[in-house]
2 protein chains.
Amino acid sequence: MSKPSLPHSCKRSPCPIACTLDILGDKWTLLVIRDLFVGKKTYGEFQASPEGIPSNILADRLKRLLEHEIVEKTPYQQRPVRYAYTLTPKGRALGNVLKAMVQWGEAHIPGSQALMKR
Amino acid sequence: MSKPSLPHSCKRSPCPIACTLDILGDKWTLLVIRDLFVGKKTYGEFQASPEGIPSNILADRLKRLLEHEIVEKTPYQQRPVRYAYTLTPKGRALGNVLKAMVQWGEAHIPGSQALMKR
DNA sequence: TCTAGTCACTTTCAAATTAAAAGTTATGAG
DNA sequence: CTCATAACTTTTAATTTGAAAGTGACTAGA
């Protein structure tokens with residue numbers, strides 16, 4: 001017994017950065033979370049964002065975020081049933097990550113400009 | 001003339017989060033930057049990190065980080081020539097992004113524990 | 001000189017992921 | 001019926017990733 005089998009989500013190492021990237025280290029996940037932060041709630045609204053996330057990727061990412069309890073899904077109407085996604089406290093805690101990225105992007109990437117309020 | 005052609009690095013939209021993710025939105029890039037923050041400098045040191053980045057991916061990411069002037073490469077010896085990578089000011093400015101990820105990971109991912117100093 | 005070893009990559013190729021587009025399901029409106 | 005909408009799912013091709021082996025420039029040792 002050499003590898004002590006990392007608990008839970010930590011797939012590669014116990015480093016919190018590696019663990020975080022195992023969940024949201026890709027091109028799309030944090031954009032969905034950004035959308036939730038600015039008040040978007042539905043599948044259609046996420047799809048309508050200017051970056052144009054592919055539909056299958058969106059479905060996959062929402063599923064992962066649900067599994068990790070970063071977002072919640074509740075029906076906002078019956079017949080036909082339609083869903084609203086919202087951030088959990090765990091998801092809202094990602095605000096600082098987004099904020100740091102906004103700051104870095106605005107300071108260092110020419111042409112980037114904040115759309116996010118706050 | 002409908003699409004005003006986004007300047008420079010902004011591939012998908014002018015949102016600073018999207019622009020930032022265009023550069024470092026993947027599973028490995030921020031781990032290399034983490035390594036640089038803790039003082040690792042050489043290709044071999046990056047490869048030796050516990051997550052085990054594949055060699056071709058490491059080469060690709062270092063190239064991208066050089067292109068974006070997030071890291072610099074300088075020979076630290078001749079005959080045979082060997083290189084040291086270091087963060088530029090632009091790269092060091094990513095400290096807040098890493099810090100936010102460490103905080104979130106430690107608070108929300110069971111089993112994750114900081115290895116990074118400060 | 002021959003052999004082994006180190007470092008910093010590069011190449012190869014199979015497997016996994018992503019992207020684009022079209023299709024599905026449930027339902028209401030006309 | 002037929003059309004429209006929201007929320008997905010499926011299909012298929014293209015791209016990216018990962019694992020492993022290979023390369024080039026040397027150095028040190030037998």
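Letters A, B, ... mirror the listed sequences (proteins, then strands); counts begin at 1.
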*Going from CG on B/Leu94 to CG on B/Leu36, what distance comes out if it is rounded to the nearest 0.5 angstrom?*
10.5 Å
*asked:* To the nearest 0.5 Å, what is the distance between CG on B/Asn96 and CE on B/Met101?
replied: 12.0 Å
Grab the [atom1]-[atom2] distance between [X] and [N] for me, whole Å please.
{"X": "B/Ile53", "N": "C/dA8", "atom1": "CD1", "atom2": "C1'", "value": "14 Å"}
{"X": "B/Leu58", "N": "C/dT10", "atom1": "CG", "atom2": "P", "value": "10 Å"}
{"X": "B/Asp60", "N": "C/dT10", "atom1": "CG", "atom2": "C1'", "value": "12 Å"}

*Taking only the side-chain heavy atoms of B/Asn56 (C-beta and beyond), determine which of C/dC9, D/dG18, D/dT9 contains the nearest atom.*
D/dG18
Give a yes/no answer on whether the side chain of [X] brings an N or O atom under 4.0 Å of OP1 or OP2 in [N].
{"X": "A/Lys27", "N": "C/dA19", "answer": "yes"}
{"X": "A/Arg12", "N": "D/dG18", "answer": "no"}
{"X": "A/Tyr76", "N": "D/dA7", "answer": "yes"}
{"X": "A/Tyr85", "N": "D/dC8", "answer": "yes"}
{"X": "A/Trp28", "N": "C/dT18", "answer": "no"}
{"X": "A/Arg61", "N": "C/dT17", "answer": "no"}

*Under 4.0 angstrom, heavy atoms only, what part of the nucleic acid is A/Lys73 near: base, sugar-phosphate, or nothing?*
sugar-phosphate
Is a side-chain N or O of [X] found less than 3.5 angstrom from the main chain of [Y], in a donor-acceptor match?
{"X": "A/Trp104", "Y": "B/Lys90", "value": "yes"}
{"X": "B/Ser13", "Y": "A/Pro50", "value": "no"}
{"X": "B/Asp35", "Y": "B/Lys40", "value": "no"}

Give every donor-acceptor pair under 3.5 Å between a side-chain atom in residues 78-85 of chain B and any protein atom, sequence neighbours left out.
none

_For the CD atom on A/Glu69, are there more than 12 heavy atoms of other groups (residues, nucleotides or ligands in this structure) within a distance under 6.0 Å?_
no
*Looking at residues 40-48 of chain A, who's got a heavy atom less than 4.0 Å off DNA chain C?*
none
*Have a look at A/Thr29 and tell me which of A/Arg34, A/Arg61, A/His68 forms a side-chain contact (heavy atoms from CB on, under 4.5 Å) with it.*
A/Arg61
*asked:* I need a per-nucleotide contact map over nucleotides 22-30 of chain C, read 5' to 3'. Cutoff is protein heavy atoms under 4.0 Å; write B for the base, S for backbone only, - otherwise.
replied: ----BSS--
